Amino acid sequence: MASVELRGLTKRFGELAVVDDVSLRIDHGQLVCLLGPSGCGKTTTLRLIAGFLEPTEGEIRVGDRLVSSKARTLPPEQRNMSMIFQSYALWPHMTVAENIIYGLKLRKMARDAIARKLNEILTTTKLEPLAQRYPGELSGGQQQRVALARALIVEPETLLLDEPLSNLDANLREEMRFEIRRLHDEYRYTTVYVTHDQSEAMTTADLIAVMNAGVIDQLGTPEDIYDRPQSEFVARFIGASNVIKGSALDGNHVSFAGATLQVTGATLNTGQGAAVAIRQHDIQLSTMAPQLAQNVVKATVTRQVFLGANRDYMVEAADGTTLRIVTKTDDPVPRGSEVWLTLPPARCRALAR
Ligand code: ADP
Ligand code: MG
């Protein structure tokens, strides 16, 4: 096992840089998620790491080995990596057991060693009862587990997963997230996990690299990314934040829609534009003016939806900004009502970018 390091990695198709000067270090045994919307360059990055693509610029190192550069790219089979694709790509004419040991047979491993490893992996992936079935006789989740077992049994230095759960239905997807993390804790292969689903990234990752248009917008632990977004893109993409635009009165005060907001996060430049993120459930909505007028914005309700445990409001501030607010279910505040919004200073995060 070893670390994986991307240095200034760039892939252009024609004029377009699909992966644009990406640098990222994944420590030995770590699971890093590349998280971003469709088309942001996740799969291309993974294919570069696997060796299916050659970089236009930059390099990839595994441990102290240079595996990709402009000058020389090691073919996939010499990288000691296992990749799991969106489609599981199991052999339909082989049983579960035969599918799993296929890679070991290719490597001409001794029979008794293969049998021992197979038993071990069947146990950890809970596939023992299914070992003699064919892929066509399995559910989607079971097939996914076979694909995982097949990737793990060869003891790769690096495990690459490209949206491995996207073909499963919602319940199973949730269960398999925990399963993948459990297997990772057991085997500790250095892992790059690609997904567009933020809950999937939050559940599985040690570190999340949020990608946008070919670049890593922010790298951090799930807590960092969620609690301390640095850009508007991350604030909106992760965990449903409103982003309001005002102007900085000083390092931590923003003028917005006729109100003054004290904020936390990045230090602002006086007189310049400021973007502030605040989550939908962190805003308090009231039909009466609060006693304490600090961080209070006046607004009008434009929509109200009952969601069972919560109510989902859309409101408009004096400057035309729309904010979404999720509150506990109380008496509904009808459309057209004038309301006062309290935005707690500790929840207003000024964005660095
Ligand atoms: P993601 O996996 O994040 O959805 P991809 O890495 O698959 O994104 O693709 C990123 C962008 O690169 C997309 O706009 C896609 O159309 C483009 N792209 C991917 N492969 C090629 C290719 N072989 N030739 C030209 N454009 C490509
Ligand atoms: Mg993709």
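First listed ligand is number 1; within each ligand, the first listed atom is number 1. All values derive from a computational prediction rather than experimental measurement. Hydrogens, waters and symmetry mates are skipped; everything else that's a heavy atom, side chains included, is used.
When heavy-atom distances to ligand 1 are checked against a 4.0 Å cut-off, Val18 comes that close only through its side chain, counted from C-beta outward.
Of the protein's non-hydrogen atoms, the one nearest atom 6 (O) of ligand 1 is Thr44 OG1, 2.6 Å. Here the protein heavy atom with the shortest distance to atom 19 (C) of ligand 1 is Phe13 CE1, 3.7 Å. Scanning the protein for heavy atoms near atom 13 (C) of ligand 1, the closest one is Gly39 O, 4.0 Å.
For CZ of Arg353, the number of neighbouring non-hydrogen atoms (other residues, nucleotides, ligands) closer than 6.0 Å is greater than 12.
For the ligand labelled ligand 1, residue Gly36 lies outside the 4.0 Å heavy-atom shell.
Salt-bridge formation is not detected for the pair Asp227/Arg349: no Lys NZ or Arg NE/NH1/NH2 atom is positioned less than 4.0 Å from an Asp or Glu carboxylate oxygen. A salt bridge links Lys70 to Glu57: one of the charged nitrogens lies within less than 4.0 Å of a carboxylate oxygen. Between Arg65 and Glu5 there is no salt bridge, since no side-chain N of the basic residue sits under 4.0 Å from a carboxylate O of the acidic one. The residues Glu59 and Arg61 are annotated as salt-bridged, a charged nitrogen and a carboxylate oxygen being separated by less than 4.0 angstrom.
Of the candidates Arg12, Lys42, Arg47, Lys42 brings a heavy atom nearest to atom 3 (O) of ligand 1.
Put simply, Ser38 stays out of reach of the Mg ion (ligand 2), with no N, O or S atom under 2.8 Å from it.
By the 3.5 Å distance cut-off applied to N or O atoms, Cys40 is counted among the residues near ligand 1. Some N or O of Gly41 is nearer than 3.5 Å to an N or O of ligand 1, by distance alone.
Val333 belongs to a hydrophobic cluster whose other members, connected by ILVMFWY side-chain contacts under 4.5 Å either directly or through intermediates, are Ile244, Val254, Phe256, Leu261, Val263, Leu268, Val276, Ile278, Ile283, Leu285, Val297, Val301, Tyr313, Val315, Leu323, Ile325, Val339, Leu341, Leu343.
Under a 3.5 Å cut-off, the side chain of Asp282 and the backbone N or O of Arg347 do not form any donor-acceptor pair.
Counting atoms of ligand 1 from 1 in the listed order, those under 4.0 Å from a heavy atom of Thr43 are 1 (P), 2 (O), 6 (O), 7 (O).
There is a protein heavy atom less than 4.0 angstrom from atom 25 (C) of ligand 1. Within the 4.0 angstrom cut-off, atom 16 (O) of ligand 1 has no protein heavy-atom neighbours.
Looking at heavy atoms from C-beta onward, Val215 lies out of side-chain contact with Asp21 at the 4.5 angstrom threshold.
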